[in-house]
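Just below is one structure, and these are the notes that go with it.
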There are 2 protein chains.
Amino acid sequence: MPEGNSNGSRSRAGRTEGGRRRLRSALAVAALDLFASKGYDATTVEDIVEGVGVGRRTFFRYFRSKEEVVFPDHDERLAEVVEELERSDADASPMRVVCRAAETVLETYLAEPEISLKRFELTRQVSSLRDREIVSIDRYQRVFARYLRRCYADGPNADLRASVTAATVVATHNHVLRRWLKSGGEIDAHGALRAALDDAGIVDREPSGASGGAGESENDVVIGVLRTSAPAETVRRRIESALREFPGSG
Amino acid sequence: MPEGNSNGSRSRAGRTEGGRRRLRSALAVAALDLFASKGYDATTVEDIVEGVGVGRRTFFRYFRSKEEVVFPDHDERLAEVVEELERSDADASPMRVVCRAAETVLETYLAEPEISLKRFELTRQVSSLRDREIVSIDRYQRVFARYLRRCYADGPNADLRASVTAATVVATHNHVLRRWLKSGGEIDAHGALRAALDDAGIVDREPSGASGGAGESENDVVIGVLRTSAPAETVRRRIESALREFPGSG
DNA sequence: GATGCTAACGGCACTGCGTGCCAACAGCAA
DNA sequence: TTGCTGTTGGCACGCAGTGCCGTTAGCATC
């Protein structure tokens, strides 16, 4: 009789389906409450499960680690982004696709502001959680880079261009997210992201009339930045780099 | 008599100064050897200290954790970069300073190729070590961004520009480092970094004659990239962004 | 040479995370 | 009732990392 539980009444009811998500949620809520009240390090898994009335072993069946309870279903989120990239229109500008994906990521934070803000507070205080978040952000960046690398596959310096572009988009996303978090979720994050992507020199908006063909490009003005004293190779590279921003040329 | 050590003869010699570094090095070597031979996870701290003939407790006096033995004196390296940025010429182009710093970081890898390559092999196999490296790379990026933020302090969008530039430089550095590691340390990493920074559209080279003054800028040609259908605000931003690349205008 | 001080080391015990294993139990089908 | 499956709790275990204390080497001092 392993029912030697000091906790008398517990709904040991069979959780075939919906019960699992309820319990998972209950564990997460209890954990975050404790983390906020007595600190992350001072909170043991024992403390968490005690409040929910469940065994310590069960906790690790719902979360791989104590840290994961702070970033639940992060894998699913990442998988969603991967899927979004994979099913993206092959004709669309890769830059635009990635920017959309960044917007999707931002959306996951905006969808539940109170949780995001609470997590932000936690990650600010606990270094191990901060590190964990850095790692998950890097996962997104990797996924972006992989997608872009495929798009650029035939061009020169595909790998470098993909890495740099992914880094730029992610850095911009993080900048906006940070501002949103620091504002307590007040500012218009979507608008800020659009503006920031624009400021960062990334083409996000679809050109007004054209759909990516080369026919309308006569209206475009190409401007680059270089010195007349620069070597010819540099000039070539810079112009190539500039041309990449136009759809249909990548 | 807690000298109940099964290990009979051990040089319990007094290590006042040089002995510390020797022991630290011996521990690191023993650890890396074991990691390579029987795997990181399968190697316990007990195993490591056993070969060196030292107590388990002592290991943690030399390394804060089992992971740190793979990335020794990473904090010092970071501190060196911070110092390099702080004592940089205030008149120099911030972009150039950061690129130099990235070169310094690359140099720390090139200085001891066999260790870097061994560590690369380890981080490829062990996810926790990979995560750890991602975090330390992010530390550099943060330091770069902080420096650039100060330089851009008076300009518009200083924070965003600093973050994006830092991300770009770091991504470029990582790209080159990765290629160097994958080549087994064969390729010319320095040259590759210069070329990559150039490809990524970053101004690294000092202009041939001028020293950053405005007097010589008549020789410069300003070229940007935008669409004629873009709103006026976008045009203004893009031109501003282009002008930033010239020394004396940031 | 005896004494005291400091720094490093070894060992021990302890906390806490994460895991493997097993018995118990609910739900369902035959 | 019997068998099968999935979930749970408890238990034991390995291991990382820490606090504590006794011991020892090295050095200065009397």
Side-chain angles (χ1 to χ4, degrees), chain A residues 1-27 31 34-35 38-71 126-129 131-132, chain B residues 1-27 31 34-35 38-71 126-129 131-132:
Chain A
M1 66 296 275
E3 186 64 0
N5 193 334
S6 62
N7 199 339
S9 64
R10 178 185 351 144
S11 80
R12 193 82 165 306
R15 306 159 172 120
T16 13
E17 200 54 32
R20 274 195 68 86
R21 255 180 298 190
R22 265 217 314 275
L23 180 51
R24 185 179 163 88
S25 170
L27 283 169
L34 284 171
F35 292 163
K38 61 187 288 191
Y40 177 82
D41 290 321
T43 302
T44 70
V45 177
E46 189 77 37
D47 297 334
I48 299 171
V49 298
E50 198 176 355
V52 183
V54 89
R56 198 177 73 95
R57 191 66 183 80
T58 300
F59 177 89
F60 289 105
R61 288 199 179 92
Y62 283 85
F63 302 97
R64 281 196 291 269
S65 70
K66 182 182 160 188
E67 289 180 353
E68 196 189 299
V69 78
V70 183
F71 309 96
V126 184
S127 62
S128 64
L129 296 178
D131 292 350
R132 176 103 178 187
Chain B
M1 68 296 277
E3 188 63 359
N5 194 336
S6 62
N7 198 338
S9 64
R10 177 184 351 147
S11 79
R12 194 82 165 307
R15 304 154 173 125
T16 13
E17 197 55 32
R20 273 195 68 85
R21 254 181 299 189
R22 265 215 315 276
L23 179 50
R24 184 180 164 89
S25 170
L27 284 169
L34 284 171
F35 293 164
K38 60 187 287 192
Y40 178 82
D41 290 322
T43 303
T44 69
V45 176
E46 189 77 37
D47 297 334
I48 299 170
V49 298
E50 198 175 356
V52 183
V54 88
R56 199 177 72 93
R57 191 65 182 82
T58 299
F59 176 89
F60 290 105
R61 287 198 179 94
Y62 284 84
F63 301 97
R64 282 196 290 270
S65 69
K66 183 181 160 189
E67 288 180 354
E68 196 187 299
V69 79
V70 183
F71 309 96
V126 185
S127 62
S128 64
L129 295 179
D131 292 350
R132 176 102 177 186

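Chain A is the first sequence line, chain B the second, and so forth, proteins listed ahead of strands; every chain is numbered from 1.
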- Query: Are any non-hydrogen side-chain atoms of A:Val70 and A:Phe63 less than 4.5 angstrom apart?
  - Reply: no
- Task: In whole angstrom, give the distance that lies between atom CZ of A:Phe60 and atom C1' of D:dG10.
- Result: 14 Å
- Query: So, A:Ser25 side chain and A:Arg21 main chain: donor-acceptor pair closer than 3.5 Å or not?
  - Reply: no
- May I have the distance from A:Glu68 (atom CD) to C:dG18 (atom C1'), rounded to whole angstrom? 13 Å
- Query: Which residue, A:Asp41 or B:Arg57, contacts DNA chain C at a nucleotide closer to its 5' end, judged by nearest heavy atom?
  - Reply: B:Arg57
- Item | Nearest-angstrom distance from the residue atom CZ of B:Phe59 to P of C:dA8 | 18 Å
- Query: C:dG10 C1' sits how many Å from B:Leu23 CG, rounded?
  - Reply: 13 Å
- Rounded distance (Å) that lies between atom C1' of D:dT18 and atom NZ of B:Lys66: 17 Å
- Task: To the nearest Å, give me how far apart OH (A:Tyr40) and C1' (C:dT15) are.
- Result: 15 Å
- Query: C:dG18 C1' sits how many Å from A:Ile48 CD1, rounded?
  - Reply: 13 Å
- Task: Please tell me if the side chains of A:Ser128 and A:Lys66 come closer than 4.5 Å, counting only heavy atoms from C-beta onward.
- Result: no
- Does any donor-acceptor pair link the side chain of B:Arg61 with the base of C:dG10 at a separation under 3.5 Å? yes
- Query: Side-chain N or O of B:Tyr62 less than 4.0 angstrom from OP1 or OP2 on C:dC9?
  - Reply: yes
- Query: Just wondering, do B:Val69 and B:Tyr62 contact through their side chains at under 4.5 Å, heavy atoms?
  - Reply: no
- Using atom CZ of B:Phe63 as one end and atom P of D:dA16 as the other, report the distance to the nearest whole Å. 15 Å
- For C:dA13, does OP1 or OP2 lie under 4.0 Å from any side-chain N or O of B:Arg56? no
